Amino acid sequence: EAVPISTLGESPPLPTRVAGEGRFDASRQLLLDNQVRDQQLGVLVYTPWRDAEGRWILVARGWAPWPERSARLPDPGLPGPEAPIHGFATAAPGVGVRLGEPEPPSPVQWPQLVTYLDPQAFANVLGGPVAPWIVKLDPGHPAHLTGRPWQPVTFGPERHVGYAIQWTLIGLVVTGLWIGLTLRTRRTGTSKQEPDS
C-alpha cells in the first residue's frame, strides 16, 4: 500500500512506497553525471515535483544517454506538468569519496549537470523547502524515461573501505620491497669498495 507523499516528514523510513498529487517543473531538471548503462555513458534525470503543500521533491525519472561530452545536455520532456506520481521514496544517491565541494547551484542554467546530488542545496534555487530524500518513479509511470526497472545497489560504503585497505596494503608491500632492494644495493656497493687485505 502506497503512503501519501504529503505525510512523509524529513526522516521517513526508507525505502517507502509512495504516491501523491502534484506538479512537475520540467524547465529545471538536474542531471547526475557519470552514469553508465549497457556500457554507454549517460546521466540520471531528476525533475523537481511540487506537492500540494508546496514542498519540492526531486523525482528520479531514469537514465538518459549522453555519450558525447561536446553534445548538448539531455533535457527530456514530460507527458504533462500535472502528474500524480507513484514509486519509492529513498535516500539520495551517495558518493564514495567526495573530492572537493560541488559548485553552488545556478538559478539560470538548466538543465543543470551535477556530480553529487544534494537535494537540500537546491532549496534557494527552487524557492521553497526540498525533501532530503528522493522518489524513484515506478518504471511503468508515463514520465519514466526508459521503462526499465531500477538497478539495485549491490554494494554499500563498506566496499569502499575494503578498497582502501587493499590499496593501503599494496602500498606498504611496494614500499617494503623498495626499502629492501635499496638496502641490498647499498650493501653490495659497499662490499665491492672494501680494499683487499
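Everything numeric in this text was worked out from a predicted model, so none of it was measured.
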Distance-only criterion, 3.5 Å: show the donor-acceptor pairs between side-chain atoms of residues 167-181 and protein atoms not counting sequence neighbours.
| from | atom 1 | to | atom 2 | distance (Å) |
| --- | --- | --- | --- | --- |
| T168 | OG1 | A164 | O | 2.7 |
| T175 | OG1 | G171 | O | 2.8 |

Scan the side chains in residues 5-12 for donor-acceptor partners under 3.5 Å anywhere in the protein, sequence neighbours excluded, and list what turns up.
| from | atom 1 | to | atom 2 | distance (Å) |
| --- | --- | --- | --- | --- |
| T7 | OG1 | P4 | O | 2.7 |

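No more than 12 heavy atoms of other residues, nucleotides or ligands lie within 6.0 Å of CG in N124, so this atom counts as exposed by the packing criterion.
With a 4.5 Å cut-off on side-chain heavy atoms, P48 and V130 do not count as touching. Residues W133 and T16 form no side-chain contact, since every pair of their non-hydrogen atoms from C-beta on lies 4.5 Å or further apart. A 4.5 Å side-chain heavy-atom check between L44 and L31 finds every atom pair outside the cut-off. The shortest side-chain heavy-atom distance between P74 and V45 does not fall under the 4.5 Å cut-off. You'll find the side chain of V125 stays beyond 4.5 Å of the side chain of W56, heavy atoms only. In this structure, the side chains of V135 and W49 stay at 4.5 Å or more apart for every pair of heavy atoms.
Remark: side-chain polar atoms of H141 are paired, donor with acceptor, to backbone N or O of P84 under 3.5 angstrom. Under the 3.5 Å distance criterion, the side-chain polar atoms of W63 are matched with a main-chain donor or acceptor of Q35. The backbone N or O of A52 lies less than 3.5 Å from no partner atom in the side chain of E21, so there is not a single donor-acceptor pair.
Rounded to the nearest 0.5 angstrom, F122 CZ and L117 CG are separated by 7.0 Å. One finds the CG atom of L30 at 8.0 Å from the OG1 atom of T47 (value rounded to the nearest 0.5 Å). Atom CZ of R23 sits about 14.0 Å away from atom CG of D51, to the nearest 0.5 Å. With values rounded to the nearest 0.5 angstrom, F24 atom CZ is found 9.0 Å from Q29 atom CD. Once rounded to the nearest 0.5 Å, the distance linking OG1 of T182 with CZ of R184 reads 12.0 Å. With rounding to the nearest 0.5 Å, the separation of CZ in R61 from CG in L78 is 4.0 Å.
By the salt bridge (Lys or Arg N to Asp or Glu O under 4.0 Å) test, R37 is found to be paired with no residue, residues two or more places apart in sequence or in another chain being considered. Taking the salt bridge (Lys or Arg N to Asp or Glu O under 4.0 Å) definition, one finds that R28 meets it with D25, sequence neighbours left out. R69 pairs by the salt bridge (Lys or Arg N to Asp or Glu O under 4.0 Å) definition with D33, not counting sequence neighbours.
Among residues at least two apart or in separate chains, salt bridge (charged side-chain N to carboxylate O under 4.0 Å, His left out) pairs with a member in residues 142-151 are D38-R148.
Nearest heavy-atom pair, P76 versus L145, reported as atom, atom and distance to 0.1 Å: CB-CD2, 3.5 Å. Scanning all heavy atoms of the two residues, the minimum distance from Q109 to S106 falls at N-OG, 3.1 Å.
Using a 30° and 60° split on the angle between ring planes, H144 and W150 fall in the perpendicular class, above 60°.
Residues L73 and V43 are members of one and the same hydrophobic cluster, defined by side-chain heavy-atom contacts under 4.5 angstrom among Ile, Leu, Val, Met, Phe, Trp and Tyr.
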